[in-house]
Amino acid sequence: MRKTAELGLLVLLAVLWVFPFAGTAQEDPVIVRVGKVEYPLSLARYSYQSNIDLLSYQGITPTAEEKQKLISETVDHMVELGLIENKLMEAGQNDLTPNEETMLRSYAGNLYESLWQGFQERVKKEGIEATEKQITQWLAEQGYTLDIVYQEALIAVRNDRILELVCPDVTITPEETEQYYRETFLEPDREAYEHDIPRYEREILNTGNESFFIPEGYRVIRQILLPFPQEILNRINALQPALEDGARELETAYNAVAEAGISGGDVNGARSDYKRKEDAYAALLRQVVEIEEEALPLVKETTDEIIRRAKAGEPFDSLIKEYGEQAGEEAGAELLFHADSDQWAETFKQHVLALKEPGEITEPFVTNLGIHIVQYQEDVPGGEHVLTEEERQTLDASSLQAKKTRILKGMMEEWKKAYSIETFPELLNP
């Protein structure tokens with residue numbers, strides 16, 4: 001149901017930016033042994049790293065305690081895999097046919113190639129030169145190899161088989177599906193995002209992910225963004241050296257306050273110096289803002305023409321294409337705006353919130369990005385997501401799978417008594 005389904009593979013493209021330029025082959029000891037089945041550390045590391053990457057992509061840095069919990073959950077998962085594989089072997093259903101093997105390896109190969117190519121593109125975009133061998137090595141050192149991707153795909157096949165083996169006649173009612181949807185998707189999203197717009201934007205809007213609850217208060221806006229005239233840019237650029245010096249001096253003064261507090265030095269003197277540097281830097285920033293504001297009279301003829309044509313009924317899309325900073329490209333894309341967002345400049349928020357009805361446009365105003373004219377397009381219906389027919393069919397299958405999985409987990413508690421189980425979670429310690 002969610003776009004985060006590829007076990008962190010695509011997430012890695014956005015979060016894996018610490019590159020060891022040399023490495024050696026690592027040992028791959030057994031981390032879990034269940035009956036006749038053994039699992040290597042590399043498979044556990046892949047599962048663990050995928051979860052870490054997913055959290056990082058969402059802007060979450062797990063604590064040491066949370067990492068230990070993830071390790072424990074990873075090892076428990078490997079034990080469950082071992083129980084499943086033992087049961088399938090006993091039922092004669094653990095092996096793949098040649099055709100199944102070919103199809104599964106093709107699927108895993110395509111998935112790994114997509115990961116590899118995407119990672120290479122991001123490396124190039126960051127200006128890092130790397131050979132194909134280095135790309136492959138960096139991925140492998142994080143637990144991402146073709147064989148591990150294949151093993152994960154194989155795990156999914158075995159999971160489907162064991163569910164069919166032990167839950168062949170399980171069915172689901174519409175009421176059970178509705179309860180599953182609300183408990184698994186809707187209510188968690190409502191609790192997470194209803195009163196936390198910054199989190200909703202960080203985890204949903206900015207990542208292209210999905211939510212089954214949309215907070216109230218969003219409106220669709222579009223804008224024409226005019227660039228600063230060159231004479232304004234020249235004056236702002238002339239202040240850049242002073243701004244950079246001021247920022248460095250402010251950081252030095254801040255560190256001096258901390259150092260004085262630690263060493264017992266002159267804290268009051270350090271704080272006074274920091275306040276002077278802070279005031280000086282703030283004065284420079286105000287000077288930049290004043291220069292930016294001087295752009296409005298210089299583009300008044302253009303902004304007057306835009307507003308006149310917009311009020312005369314000319315489509316705002318046409319005006320965006322004609323006047324926007326990126327005219328003819330992706331200028332004026334629809335934006336979602338919320339009063340509680342922390343992603344907009346205060347000036348921007350004030351002007352957009354002053355618009356009362358869809359169709360209204362702001363007067364020209366300035367931010368550090370340029371000169372804006374914004375149109376309020378429409379309101380976004382808040383509340384529960386309305387499922388499409390396709391989503392309902394997917395939900396039916398998902399809730400049936402979840403019910404079978406709950407039954408399977410109950411059986412596993414009994415199966416654990418029938419097999420010798422050894423685990424070595426310390427091998428996963430970061």
Side-chain angles (χ1 to χ4, degrees), residues 1-14 16 23 25-54 74-75 77-123 130-166 394 397-398 401 404-405 408 428:
M1 297 278 291
R2 290 188 182 276
K3 295 178 183 176
T4 54
E6 295 295 352
L7 291 172
L9 280 174
L10 301 182
V11 168
L12 177 68
L13 305 182
L16 186 59
Q26 299 180 1
E27 294 182 13
D28 202 6
V30 172
I31 188 170
V32 169
R33 184 178 291 112
V34 182
K36 299 178 181 179
V37 177
E38 295 180 346
Y39 292 119
L41 174 61
S42 57
L43 186 59
R45 183 183 291 119
Y46 171 85
S47 179
Y48 170 77
Q49 187 64 42
S50 296
N51 287 316
I52 293 292
D53 290 341
L54 184 57
T74 299
V75 172
H77 175 61
M78 305 297 288
V79 170
E80 291 179 350
L81 297 180
L83 294 171
I84 290 172
E85 194 167 354
N86 274 279
K87 285 296 182 181
L88 287 176
M89 285 190 293
E90 292 167 8
Q93 296 188 29
N94 194 51
D95 297 330
L96 300 179
T97 66
N99 186 50
E100 288 173 332
E101 172 81 12
T102 299
M103 292 179 63
L104 196 62
R105 289 202 176 276
S106 176
Y107 167 79
N110 291 336
L111 193 58
Y112 179 78
E113 180 65 19
S114 175
L115 165 68
W116 196 99
Q117 293 292 344
F119 189 44
Q120 183 187 51
E121 289 174 9
R122 292 298 298 269
V123 168
T131 65
E132 293 184 359
K133 183 177 180 181
Q134 283 176 314
I135 297 291
T136 302
Q137 177 182 317
W138 292 337
L139 289 172
E141 287 171 350
Q142 294 297 319
Y144 296 85
T145 66
L146 175 58
D147 182 61
I148 292 301
V149 174
Y150 169 78
Q151 292 298 328
E152 282 287 335
L154 183 57
I155 286 169
V157 170
R158 287 174 175 155
N159 189 67
D160 289 340
R161 287 186 177 184
I162 195 67
L163 290 178
E164 287 303 312
L165 179 65
V166 301
T394 302
S398 179
Q401 186 88 345
K404 290 181 177 181
T405 299
L408 174 63
L428 260 183

Closest approach of [X] and [Y], non-hydrogen atoms and distance?
X      : Y      : result
Pro40  : Ile31  : O-CG2, 3.7 Å
Lys36  : Asn86  : N-OD1, 3.2 Å
Leu163 : Thr405 : CD2-N, 3.9 Å
Ala44  : Thr74  : O-CG2, 3.5 Å
His77  : Ser47  : CD2-OG, 4.4 Å
Lys87  : Ile162 : CB-CD1, 3.9 Å

Handout entry: Criterion side chain to side chain donor-acceptor pair (under 3.5 Å) on Gln117 and Glu113, from CA distance to verdict
Key = CA-CA 6 Å; Gln117 293 292 344; Glu113 180 65 19; 2.5 Å; yes
Check whether any side-chain N or O of [X] sits under 3.5 Å from a backbone N or O of [Y] as a donor-acceptor pair, and report yes or no.
X      : Y      : answer
Tyr112 : Tyr150 : no
Ser398 : Thr394 : no
Glu164 : Arg161 : no
Asp28  : Leu41  : yes
Glu100 : Thr97  : yes
Thr102 : Pro98  : yes

Is there side-chain contact between [X] and [Y], with heavy atoms separated by less than 4.5 Å?
X      : Y      : answer
Glu132 : Trp116 : yes
Gln49  : Tyr144 : yes
Phe119 : Trp138 : yes
Val34  : Val32  : yes
Leu81  : Asn159 : no
Glu152 : Leu111 : no

Could you give the distance from [atom1] ([X]) to [atom2] ([Y]), rounded to the nearest 0.5 Å?
X      : Y      : atom1 : atom2 : result
Gln137 : Thr145 : CD    : OG1   : 13.5 Å
Asn94  : Arg158 : CG    : CZ    : 4.5 Å
Arg105 : Leu154 : CZ    : CG    : 8.5 Å
Leu139 : Leu146 : CG    : CG    : 11.5 Å
Asp160 : Leu165 : CG    : CG    : 12.5 Å
Ile135 : Arg122 : CD1   : CZ    : 12.5 Å

Handout entry: Other residues, nucleotides, ligands: >12 heavy atoms within 6.0 Å of Met103 CE
Key =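 At most 12 heavy atoms, drawn from other residues, nucleotides or ligands, come within 6.0 Å of this atom.
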Problem - Working for side-chain contact (heavy atoms from CB on, under 4.5 Å), residues Met89 and Asp95 - result: CA-CA 8 Å; Met89 285 190 293; Asp95 297 330; over 6 Å; no
Handout entry: Arg33 and Glu85 ion-paired at < 4.0 Å
Key =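 Looking at Glu85 together with Arg33, the answer is no, because their closest N to O distance does not fall below 4.0 Å.
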